[in-house]
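The next block holds one structure in the form of structure tokens; read it before the comments.
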Amino acid sequence: MTTLLISDLHLHPGAPEVTDGFVTYLEHTASQADALYILGDFFEAWVGDDILDLPEAEPSGNAALVKRVVEALRTLSHAGTAIYLMHGNRDFLMGKRFADTCGATLLDDPTRLDNGDEPLLLMHGDSLCTRDDAYMAFRAKARDPQWQAQILAMSIPERLALAKQIREQSGDANSNKAEDIMDVTPDEVIKEMTAHGVTTLIHGHTHRPAVHQVTLDDQPAARIVLGDWQPDQGWDIRLVSGQAPELRDFPLDAPPSA
Ligand code: MN
């Protein structure tokens, strides 16, 4: 059983190299795996599943991007790889309709994954950054069904404009935040891992790919952080039952075997 995990592709009409790399990764790498987990911030922005109803030629380029991604995921799913999607802080409006269209299953954050004898915990990672009070307040609002309904009642161009505005505000705010506020809170990591009874946590979000050794009840444990995809570089984690998870980076035009 081979499982692959990726996150933080931030797919966007302005970065076609990453979309190309993702399609290549599905064809060459994920097609050899039993399951693919996409742990959030798959899209730079997701303004609602009704993006699927737009004509492919609409000017923002989002509909064409989504169509290409849907086709690539459907092909993968039809060929027998199970696909799982978790929300990130950018694409929290990704819904069941989009998942169904891709042949994918939406996951809760966190999700416990059984990998042989060793259960793992999967998260996007934003909920671990508890020292960022302003972001935690936005996160609570963004997960509120009433707020989501208000947003979804707006037109798609209005939603695209709002998403751009939120990204710009967050970029300005983040440039003034201390480095450690933007990273996970160590106590929160211990709390989640203990609550879910795991010794391995996998997440993305921070764009700080690394394998961190953690001590949990005097036992060795690990927190593995996925990297964000760049126009020339991708990241994944390869999980094979009975083996330690492997964090890999690779050139987007030559992804590794599963
Ligand atoms: Mn994120």
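Both ligands and their constituent atoms are indexed starting at 1 by order of listing. Just so you know, these numbers use all the heavy atoms, side chains as well, and skip hydrogens, waters and symmetry mates.
- Taking the charged nitrogens against the carboxylate oxygens, Asp20 and Arg68 do have a contact shorter than 4.0 Å, which makes a salt bridge.
- Below 30°, between 30° and 60°, or above 60°: for Tyr25 and Phe250 the angle between ring planes is below 30°, a parallel geometry.
- Taking Ile, Leu, Val, Met, Phe, Trp and Tyr as members and joining any whose side-chain heavy atoms lie under 4.5 Å apart, directly or through other members, the hydrophobic cluster of Leu128 also contains Leu121, Met123, Val184, Val189, Ile190, Met193, Val198, Leu201, Val214, Leu216.
- For the Mn ion (ligand 1), protein N, O or S atoms under 2.8 Å: 4 in total.
- Ion pair Asp53/Arg97 flagged as a salt bridge, since at least one NZ, NE, NH1 or NH2 atom sits closer than 4.0 Å to an Asp/Glu carboxylate oxygen.
- For Glu44 and Arg167, the salt-bridge test passes: some basic side-chain N is under 4.0 Å from an acidic carboxylate O.
- Residues Val70 and Met94 share a single hydrophobic cluster, defined by chaining ILVMFWY side chains whose heavy atoms lie under 4.5 Å apart.
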